[in-house]
Structure formats: structure tokens, C-alpha cells
Amino acid sequence: GRASPALAALAQVLRLERSRRAGIVFPLQKLERSLAPGTDMARFRLFQPGLAALQRAEALFRSDRGHAIDYVSSAVRMDHAPPPALPEVCFIGRSNVGKSSLIRALFSLAPEVEVRVSKTPGHTKKMNFFKVGKYFTLVDMPGYGYRAPQDFVEVVEAYLQERRNLKRTFLLVDGVVGLQKTDHIAVEMLEEFGIPYVMVLTKIDRASRGVLLKNVLEIQEFVKENTQGCFPQLFLVSSVEFSGVHLLRCFVAHVTGNLPAVEAS
Ligand code: GDP
């Protein structure tokens, strides 16, 4: 298999000096220093696991002989989806938002897992199912955008409405451009169906601190004012630098019931 990239494992992150390490593990909190005094920061720290919880979560994402992490199958329709046997999370977002890169980063400690990319316009977009041992499944949903909202109706909407074992939906938003019109369509649908979800801001290594701060504050405000089902804490990630990836693994482990007690750091 491929070698896992630098910083894919917490052990590598822990070797960094303190402030860089904090920025990789808790990228949202690193932004706090740039906020105006008096800003409500409680929402930045709702999910703030300590090292032990981060490590237990990492173990779930590390494959070994007794713990297989595999691509299971792809489906274009719900009747082709694997049986809903395990708790499940799904990742949705506009095409090019960085979804396959993020899933690859999450699974970087299981380098044998192949995260397929189907980008050819005109081809039917599929849901890709991955199984993480006997613990949970993760679904890479078709990227919406070039045919939205048709893609929603055909695949995403049916999945969201029918999937009984779905524990949480991760809605990816581009950290450089912020919330777009198509993202609002996704939000409206998740809200309408009453599905619990969380927003993940991608590619944060490409956004300047100012742009990132503006997008974070705008989204936090939007979530506060306009949503019911969205977790109030935003997750920030860079699949290139591995920022936020360890924290996201921990949150996935938690919401799938595999890490019930998460002690705060
Ligand atoms: P998808 O269509 O949502 O699956 O998007 P991809 O994962 O294929 O990413 C789209 C483009 O953004 C590719 O050129 C990636 O290399 C780039 N990209 C994805 N994630 C990141 C990131 O965290 N940082 C940077 N700098 N580029 C990224």
C-alpha cells in the first residue's frame, strides 16, 4: 500500500511545537485570537476532546488484521445500497469542494482503501459506501452542482429520506468561497427533512486568515439564525495539511456511538 502522509497520525502531530500542533488539531480555536473581544466563543468549543479521546478515535480509522476498513460498494439507487446494518455518516457537498480529498485524509491510516473519484460530467453519480470494521459505515455522496437540484432529487434526497441508520450528515462548504447558493439548497433540504448535520469548512490552507474568519463568522451567524438541525460548532479542515482531520475522526467516532464519553481537553 501507499505510505501514509506526514501528520496523518496524531503521533506525528504531537512532535510539532505547541502552537503548530494546536493549529492542526483545533484549527477553529486558533482563529479565536483574531476575534474581537466580546465575541461569543462558546460555540467554538462544544466538541473539544482531549488527547485520549482523539487517540481512541484514531484507532478506529487505523486498519489492521482484525480491523478491516474497506470500500464496500457503489449505488445509484437506494435499493442498491448495502443493508443499513451499522451506524452511518454521509458526506455531501458541491463538486470540487474537496470531498474525496477529505475522505482520503480520514482514511489515510488505511492506505489500502481506494477512494474513487468519478468526475466525468454526464456520468451518473454514485454513492460510495465504506465500511469501518464492525463499527460504522461512511458514505461519499455524489457531488452536487453541475446538475443540482436534479442530483438531489434522484440520489441525495432519496438517501436522506430513507436511510434509517444515518446518524449524521457532514455538509462540506468551501473555506475559500464560503456558503454558495447550492449550499443553501442543501441546507434547506436537510432542515426540511429534520436531519441532524454539521458543516465542515474545507481547504482552509488556501484561505487567508481574514477570508477564513469572515466565512467562519458568516456561517456561524447563519447557523444560529436559520437552522435547527445543524450542530453549532463548525469544523475546519485542510486535507493537505491535515488540520482538523483528527478532530473530525473523533467527531465521527462519537456520533456513530463508538466513543460515547468524550472527555474535554
Ligand atoms: P470533490 O469533487 O469534492 O471530491 O473535490 P476533490 O477532493 O477532488 O478536490 C477538488 C480540488 O481541490 C482538487 O484539486 C484538490 O486537490 C483540491 N483540494 C481538496 N482539498 C484541499 C485542501 O484541503 N487544500 C487544498 N489546498 N486543496 C484541496
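Numbering starts at 1 and runs along the sequence shown. Start at 1 and go down the list; that is how both ligands and their atoms are numbered. All values reported here derive from a predicted model rather than from experimental measurement.
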Answer yes or no: are there more than 12 heavy-atom neighbours, outside [X] itself, under 6.0 Å from its atom [atom1]?
X: Gln228; atom1: CD; result: no
X: Arg20; atom1: CZ; result: no
X: Tyr71; atom1: OH; result: yes

Nitrogen or oxygen atoms of [X] and ligand 1 under 3.5 Å apart:
X: Val97; value: yes
X: Ser101; value: yes
X: Gly98; value: yes

### Task
Of the side chain and backbone of Asn96, name the one, both, or neither that has a heavy atom under 4.0 Å from an atom of ligand 1.
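For Asn96, the contact with ligand 1 is made by both the backbone and the side chain.
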
### Query
What part of Lys203, side chain, backbone, both or neither, has a heavy atom within less than 4.0 angstrom of ligand 1?
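Within the 4.0 Å criterion, Lys203 contacts ligand 1 through backbone and side-chain atoms alike.
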
Atoms in ligand 1 with a heavy atom of [X] nearer than 4.0 Å:
X: Ser238; answer: 23 (O)
X: Lys99; answer: 1 (P), 3 (O), 4 (O), 5 (O), 7 (O)
X: Ser239; answer: 22 (C), 23 (O)

### Query
Do Asp174 and Thr202 have side-chain N/O donor and acceptor atoms under 3.5 Å apart?
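Absent: no donor and acceptor within the cut-off.
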
### Task
State whether a side-chain donor-acceptor pair under 3.5 Å links Arg94 with Asn96.
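Side-chain D/A pair, Arg94 to Asn96: absent.
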
### Query
Does at least one non-hydrogen atom of Thr202 fall below 4.0 angstrom from an atom of ligand 1?
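Thr202: no contact with ligand 1 (<4.0 Å).
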
### Message
Between Gln233 and Phe235 (side chain of the first, backbone of the second, donor and acceptor by atom type, cut-off under 3.5 Å), is there such a pair?
### Response
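Between the backbone of Phe235 and the side chain of Gln233 there is no qualifying donor-acceptor contact (under 3.5 Å).
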
### Query
Between the side chain of His254 and the main-chain N/O of Ala57, is any donor-acceptor distance below 3.5 Å?
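Here the side-chain-to-backbone pair does not exist.
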
